Amino acid sequence: METLPIINRTYELYKLVVDINNHLDKRWRYSLGSSLEESVLNCLSELIMGKNAPKQFKAAYLIKAGSHNEVATLKLRLFLELAIVNETKIFQAQSKLAEIGRMLGGWIKSLQNT
């Protein structure tokens, strides 16, 4: 079975988030860092469910994935505002999240057109 580009991007984002989390102070690693990891994993899970679901159920999974994506975006913004991790890594993660959001929007729009 072929992996979709959006799933690959989300997996790349997850690897980046794990790396970010590994460089956090203990205070943040088990709260905000773990929460961010969980949001990205939930997004990945919903995308995989959407990929494998029957057509009439795909949109529901993709909408959930979009909400997890948005929550992850807010958590990354909090990382930036609190200045608790390297800004460059946060900007890279935000860029990947934005790309995933665009891909997700296109996927949802394609479901509405058919």
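These numbers come from a predicted model, not from an experiment.
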Solution key, residues 13-21 side-chain donor-acceptor pairs under 3.5 Å, sequence neighbours excluded:
residue: Tyr14; atom: OH; partner: Glu37; partner atom: OE1; Å: 3.4
residue: Asp19; atom: OD2; partner: Lys89; partner atom: NZ; Å: 2.4
residue: Asn21; atom: ND2; partner: Glu37; partner atom: OE2; Å: 2.5

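- Atoms CZ and CD1, on Arg27 and Ile84 in that order, are 8.5 Å from each other to the nearest 0.5 Å.
- For the atom pair CD1 of Ile48 and CD of Glu46, the computed distance is 10.0 Å after rounding to the nearest 0.5 Å.
- Smallest separation of non-hydrogen atoms from Cys43 and Thr10: SG-CG2, 4.5 Å.
- Side-chain heavy-atom separations under 4.5 angstrom define the hydrophobic clusters, and the remaining members of the one that includes Tyr61 are Met49, Phe57.
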Using residues 94-103 as the side-chain source, report each donor-acceptor pair under 3.5 Å to any protein atom, sequence neighbours left out, with the distance given to one decimal.
residue: Lys96; atom: NZ; partner: Glu12; partner atom: OE1; Å: 3.3
residue: Glu99; atom: OE2; partner: Arg9; partner atom: NE; Å: 2.9

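- When side chains are defined from C-beta on, Trp28 counts as touching Leu82, because their heavy atoms get closer than 4.5 Å.
- In terms of hydrophobic clustering, with Ile, Leu, Val, Met, Phe, Trp and Tyr side chains grouped at heavy-atom distances under 4.5 Å, Val85 and Phe91 are assigned to a common cluster.
- Once rounded to the nearest 0.5 Å, the distance linking NZ of Lys58 with OG of Ser110 reads 9.5 Å.
- By the side chain to side chain contact (heavy atoms under 4.5 Å, CB included) test, Leu4 is found to be paired with Ile6, Ile7, Lys51, Trp107, residues two or more places apart in sequence or in another chain being considered.
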Can you give me every donor-acceptor pair (side chain of residues 71-81, partner residue at least two apart or in another chain, under 3.5 Å) with its distance?
residue: Thr73; atom: OG1; partner: Asn69; partner atom: O; Å: 2.9
residue: Lys75; atom: NZ; partner: Ser35; partner atom: O; Å: 3.1
residue: Lys75; atom: NZ; partner: Ser35; partner atom: OG; Å: 2.5
residue: Lys75; atom: NZ; partner: Ser39; partner atom: OG; Å: 2.7
residue: Arg77; atom: NE; partner: Glu81; partner atom: OE2; Å: 3.4

